[in-house]
Amino acid sequence: MNDGSLGGRPAGDWMREDRLLLRSLRRGDEEALRRIYEKYKCDLLAVALCLVGDLSTAEDCLHDAFVGFAAASAGLSLRGSLKGYLAACVANRARDHLNRNLRWGALSEFADVAAEDCDPSAGAEGREQTDRLAAALGQLPWEQREAVVLHLRGGMKFREIARQAGISTNTVQSRYRYGLEKLRDLLNSGDEK
Amino acid sequence: MTSGEEIERTFRQLTAKTRAAADARVLADASAALARGSRRPKGVFARRWRRIGALAALVPAAVLLAFMSFGKSSSIALADVRAAVNAKSWVHFRGDDGSESWVSLTDGKAYHKGPSFLAGKTRMLLVDDAANRRLSYTEGDAAIYEDEPTVYEDGKVPEWKPRTPWEYFLGWHERQLAHPGKFGRTERHEETVDGRKLVRFDDYYTDALGKDILVMQIWADAAMRLPVRSRARRQPGPEEKEKREWETGVYDFPDKGPGGLYDLGVPRGLSLVKTERRYFPEDVQALLEKAKAARDRFPTSYRAVVWDNDRDSEIDIIHRNGLMFRSDRYFDLGPEAPAYHLPRPATLEGVLKWASGQRPMGITVFDGGREFHRSNPYPEDVPAERFRTTTRVLRESAEGYFRTSGSPPVDFQWPFLNMGGPAEIVLHPEEAPAGCVAVRFGGAGDSRQDFYVDPARDCICIKSVGWEKKDGTWRKNGEQWLPYLRRLPGGQWCATRRMQAQYVDPEKGLGLHANYYSIDVKTLKDDEFPAGMFDGERLLEGAGAQTY
């Protein structure tokens with residue numbers, strides 16, 4: 001997944017830009033805040049959607065995570081990537097939302113959004129596949145879903161997820177492996193039907 | 001059959017686009033949070049305190065407003081209104097930022113409730129002029145804090161006498177009108193609003209570049225002898241981002257005001273923490289005096305270079321010559337931008353050579369009476385935001401400037417000299433480096449700072465640890481070490497290395513963040529400073545000036 005490029009630009013450029021944006025943000029630069037939001041909003045919304053399965057709740061997660069990020073930015077000091085940090089913030093908000101007995105939204109709205117904005121070349125078959133994957137995600141335990149989504153959609157490395165979650169890298173890898181196996185089982189059982 | 005690779009590919013296709021309304025909501029709320037969360041230097045905080053005091057002073061005069069707000073005509077006879085107002089002892093002021101203030105004209109107590117500097121929190125204040133006390137509480141605090149009192153020249157708190165709204169709110173403006181100050185003056189104008197004659201006092205502040213700036217206006221009904229409305233220019237800083245240049249508000253005159261801070265929503269049962277130095281125990285006072293004397297012996301003409309020798313971080317080159325000071329701050333943009341990168345480890349000579357070919361991102365000059373701070377944009381070939389070049393100029397006394405700002409390494413070596421209380425010497429401290437005395441500030445609320453001071457080496461703080469209480473448990477949130485000291489030619493001790501670590505809440509996904517700085521101090525003679533180095537006016541060239 002981490003192929004070293006993002007949107008056609010070398011990853012180094014993006015990380016350097018992130019560092020500059022963060023420095024500006026620490027000084028209270030509103031333009032830097034806007035730039036960071038524009039840069040990562042779609043990826044972060046996709047992460048949130050994968051985790052909560054409901055567009056409105058996902059938007060709330062993105063909102064809360066980003067407002068919290070802005071409020072804490074003056075004292076912020078990152079060890080990993082900005083995108084990874086923001087994805088972890090979104091995941092934390094998603095967990096909070098689900099803990100407040102908001103149920104998994106079955107990703108029905110995700111499908112609508114994805115259908116509008118997916119790569120057109122993906123075609124109907126691709127959209128069907130994303131719908132099935134989205135539905136299967138809702139059946140994963142939270143820990144496994146979080147590990148799978150943050151790694152595959154958030155682009156975070158295992159050690160980054162581990163650091164953010166305060167657990168060992170081995171634990172994250174285990175959760176990811178179990179989650180991926182279960183996803184495969186769920187999708188394959190659908191194929192057989 | 002679905003493979004792992006297919007699942008990964010499908011994940012990449014899970015793309016979503018935010019909706020415009022959601023974008024607007026996020027950006028509006030995040031921008032507000034950014035403005036509220038931005039850290040402010042002590043000086044700004046102090047100015048804000050003064051401004052709140054001034055606002056509180058303005059507020060009480062608003063009593064009459066209820067009867068004569070703009071756009072309304074009153075059929076009540078003047079004598080009736082005047083009599084009604086004179087019978088009231090409270091003035092209430094409501095600002096357009098949601099803040100409220102109440103002033104009791106009989107006993108001099110003023111209450112304020114409004115947005116805090118902290119994101120989404122409310123701050124409550126009690127200013128008791130008669131007793132010279134100020135109490136404050138911010139939502140979420142574990143205690144109510146009593147601030148340093150106003151220091152009067154003769155050491156005595158002026159006796160409080162009940163005042164009329166006019167005396168309380170307009171008296172200062174009238175005096176300023178008759179006797180302009182060194183850096184301010186007041187104009188009086190008359191204007192008719194909705195058929196009603198009002199007087200307007202305009203207060204001007206002469207800024208650090210000699211320009212008059214309108215900073216406050218207050219409208220009053222001279223016939224009724226009551227204030228009506230006021231507006232005050234906001235301080236520059238985070239407020240600029242809110243695009244609000246003025247704070248306005250109107251006055252009314254309720255029958256009753258708050259009976260205390262609890263009536264403003266402060267939780268009951270909190271302890272009162274006195275931050276005044278007069279409450280410090282004798283052993284703490286003695287240690288502080290000894291440390292202050294050592295700080296005063298530190299050279300005042302020197303160059304200090306501070307750089308992180310492990311990672312690309314900021315690099316500071318500081319010059320101080322008596323009451324003049326200059327700081328040039330450079331940013332190392334990392335190995336991805338080799339033209340702006342300083343490879344590590346770097347020697348002092350290497351740092352100075354690298355810096356000579358760079359443009360500082362920030363330059364601060366204090367010329368003995370004014371501080372100039374210039375912010376330069378990032379280099380043009382670095383893809384970055386659109387920055388303006390600005391220079392902020394503020395007037396400041398030398399005594400105040402060096403007391404609150406400090407300068408490396410002075411601020412690293414004696415950070416506890418600016419601390420408020422409560423304070424105590426800790427006996428048998430567990431973490432004390434050999435020979436150090438531990439002095440603790442705070443602790444009654446949810447935060448404290450422990451300083452380990454070495455009496456044998458100019459009372460320098462060898463180690464300091466910041467603590468915060470969460471769920472009843474104290475945990476570290478930051479640490480500083482000065483592990484190596486050397487003597488300067490004059491015999492004073494001076495740090496050569498500084499370790500600064502920040503412990504961040506793991507729940508927020510952040511762990512320990514540490515910097516290891518090298519510090520080089522070289523004492524200089526007057527003729528060794530480059531010519532024009534302390535000329536702040538030079539920093540105005542090609543820059544937009546901000547002077548208030």
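Lettering of chains follows the sequences in order, A, B, ..., and the numbering in each one begins at 1.
Applying the ring pair (Phe, Tyr, Trp, His ring centres under 6.0 Å) rule to A:F66 yields the partners A:Y37, A:F69; only residues at least two apart in sequence or on another chain are considered.
Heavy-atom contacts from other residues, nucleotides or ligands closer than 6.0 Å to CZ of A:F158 number more than 12.
With a threshold of 4.5 angstrom between heavy atoms, A:E38 approaches chain B through side-chain atoms but not through N, CA, C or O.
Chain B forms more heavy-atom pairs under 4.5 Å with one residue of A:D60, A:L62, A:L44 than with any other, namely A:D60. The most heavy-atom pairs under 4.5 Å with chain B, out of A:A88, A:C42, A:A58, A:G68, come from A:C42.
Side-chain atoms of B:R344 come within 3.5 Å of backbone atoms of B:L342 as a donor-acceptor pair (strictly under, hydrogens ignored).
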Next item on the list: Check step by step if side chain to side chain donor-acceptor pair (under 3.5 Å) holds for B:N477 and B:R475.
Entry: CA-CA 7 Å; B:N477 60 17; B:R475 40 169 292 185; over 6 Å; no
